[in-house]
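Worksheet for the structure shown next.
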There are 2 protein chains.
Amino acid sequence: MKRIADSTVRRLSAYLRFLEESARRGITTISSDELAKRGGTTSAQVRKDLSFFGSFGKRGLGYAVDELIDSLREILGLGRQWSVIIVGAGKIGTALAQYEGFRRRGFIVSAIYDRDPRKVGESVSVTGTELNVRDIAQIERDIARDKPDIAVLTVPGEDAQALVDRLVRAGVKAILNFAPVQLRVPADVALRSVNMAMELEGLSFALSNRNPTAVHADR
Amino acid sequence: MKRIADSTVRRLSAYLRFLEESARRGITTISSDELAKRGGTTSAQVRKDLSFFGSFGKRGLGYAVDELIDSLREILGLGRQWSVIIVGAGKIGTALAQYEGFRRRGFIVSAIYDRDPRKVGESVSVTGTELNVRDIAQIERDIARDKPDIAVLTVPGEDAQALVDRLVRAGVKAILNFAPVQLRVPADVALRSVNMAMELEGLSFALSNRNPTAVHADR
DNA sequence: GCTAACTTGTGAAACGATTCACAAAGGAGC
DNA sequence: GCTCCTTTGTGAATCGTTTCACAAGTTAGC
């Protein structure tokens, strides 16, 4: 029961994406080396990543594309649909709600919230349907009733930690945070943060230090 | 000079954010331990991170908040303004253009592009001003003339690599990618990627494997 | 059935990042 | 000036991840 590194999980996602593309092109078999080239890593890394979960290849031959896709989807928990709520109906929140890539991968946006009374009741078109913005005041009740799997947080930084605390208390076990702050959650809650200001600062640093520091990081 | 790890740069951003908050609250001095608590790390880590760039504290006392803010801004290259172009005027591109956090930190959106003729010419309100969506066809000419520092890529995955190649050929040295694909750039171009599908898959994995029993056992 | 060509799966080695632990330095009280 | 308390800066130890290197399994050709 080994702990799987975050970087490993990210690479598995990348492999899956490339495998799906390969399948669409009719490729049926692929080697760890081909997979590595496209994922920007090495064949040993690919094999090591997969070896945490079992052995999926055939020596001398490589991996069966369709089988490996199935295995990776299983490993990543993509064999089912996940329901997602979006907390914060600002520009980014509504843009995410409308991003069809989510639905395509099984992440279904089931509700969107804001605390601004002027926004509550407004209609947001989510791929395939329409959702009305709900009042954040009712979020605890809704969570108790609907048991969403994942909350996406797109509120101003000042409000983020207080909202996370409410979400966690209400029983949310996975949060994707877009607010530009460092959040604290209990150990049993999964948290990922996307901090665009931080990414831009990373680029700023790279541009300012264009010495040997070959910053070429695509996680 | 030693190569600075990506994780270090991210933490420096986090320290800076917390320091700015502390300054607003009137705190003038801070220890590595306080800084660590808030950044979710350890005091030794904080001191090590800073030690790559010099020695900024006073033994027995800690760090002067204002001085450390200045030093970090200098290190991260935030002592100047950076001009940013946004490539792709879809939902996410326009949402980012309007995100005022960028401007506040010195990242000025100077142009936004799309290839859809119906979008070209449309007006997008960027904090403080208005920008007209330009035709991607003219992006090489514009880059040669305006020399933007950073390009933010918010186009569909299928188009992303081809566009990156054009941007790189035109002389762009830093790219922030939002397309859900693994991009290749030359070593002298800084690249950061934000892949929301990958983040959601990371949460999916965490939710699926949270009874840490099923994950791997044998050998 | 044998050989050659290939590719996986995996211990071991190398590498890189984090944490430890402590000497050095600054401030406060007397 | 001396002692005590605090906190930095940093070499050394530790820990975790990546890369190496090779035995073992698979296919193809003859």
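To find a chain, count down the sequence lines: A is the first, B the second, and so on, and within it residues start at 1.
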**Request:** Using only side-chain N and O atoms of A:S55, determine if any of them is under 4.0 Å from OP1 or OP2 of C:dG9.
**Result:** yes
**Asked** Only one of A:R105, A:R38, A:R104 forms a salt bridge (Lys or Arg N to Asp or Glu O under 4.0 Å) with A:E20, so which one is it?
**Response** A:R105
**Short N-O contact, A:R17 and B:E201, less than 4.0 angstrom** = yes
**Request:** For the pair B:F107 and A:S204, evaluate side chain to side chain contact (heavy atoms under 4.5 Å, CB included) and give the outcome as yes or no after the intermediate values.
**Result:** CA-CA 9 Å; B:F107 297 92; A:S204 166; 4.0 Å; yes
**Message:** Whole angstroms only, please: what is the CZ-C1' distance between A:F53 and C:dT10?
**Reply:** 16 Å
**Prompt:** Which letter, B, S or -, goes with each nucleotide of nucleotides 24-30 of chain D from 5' to 3', with contact meaning a protein heavy atom under 4.0 Å?
**Reply:** BBB----
**Message:** Can you measure A:R47 atom CZ to D:dC20 atom P for me and round it to whole angstrom units?
**Reply:** 11 Å
Pairwise N/O distances under 3.5 Å, protein to nucleotides 17-19 of chain C:
{"unit_1": "C:dT18", "atom_1": "OP1", "unit_2": "B:R11", "atom_2": "NH1", "d": "3.1"}
{"unit_1": "C:dT18", "atom_1": "OP2", "unit_2": "B:R11", "atom_2": "NH2", "d": "3.0"}
{"unit_1": "C:dT18", "atom_1": "O5'", "unit_2": "B:Q45", "atom_2": "OE1", "d": "3.3"}
{"unit_1": "C:dT19", "atom_1": "OP2", "unit_2": "B:T42", "atom_2": "OG1", "d": "3.4"}

**Prompt:** From B:L167 CG over to B:I150 CD1, what is the distance, rounded to the nearest 0.5 angstrom?
**Reply:** 13.0 Å
**Message:** Is it the case that the side chain of B:Q161 and the backbone of B:R184 share a donor-acceptor pair, with hydrogens and angles ignored and the cut-off at 3.5 Å?
**Reply:** yes
**Asked** Ignoring hydrogens and geometry, is there a side-chain-to-backbone donor-acceptor pair from A:T154 to A:V87 under 3.5 Å?
**Response** yes
**Message:** Nearest whole Å is fine: how far is C:dT10 P from A:F56 CZ?
**Reply:** 11 Å
**Message:** Less than 4.0 angstrom from a charged side-chain N to a carboxylate O is my criterion; do A:R169 and A:D165 meet it?
**Reply:** no
**Message:** Rounded to whole Å, how long is the line connecting atom CG of B:L50 with atom P of D:dT7?
**Reply:** 16 Å
**Item:** side-chain N/O A:S32 vs C:dT7 OP1/OP2, d < 4.0 Å
**Value:** no
**Asked** Do the side chain of B:R166 and the main chain of B:I136 share a donor and acceptor less than 3.5 angstrom apart?
**Response** yes
**Request:** Can you see which heavy atom on A:S31 is nearest to which on A:Y63, and at what distance?
**Result:** C-CD1, 4.4 Å
**Prompt:** Does the side chain of B:S83 reach to within under 4.5 Å of the side chain of B:D146, using non-hydrogen atoms?
**Reply:** no
**Asked** Is the shortest side-chain N/O distance from B:S51 to OP1 or OP2 of D:dG9 below 4.0 Å?
**Response** no
**Prompt:** Would you call B:R25 and B:E21 a salt bridge, using N to O less than 4.0 angstrom?
**Reply:** yes
**Asked** Listed in order of residue number, which residues of residues 62-77 of chain A have a non-hydrogen atom at under 4.0 Å from DNA chain D?
**Response** none
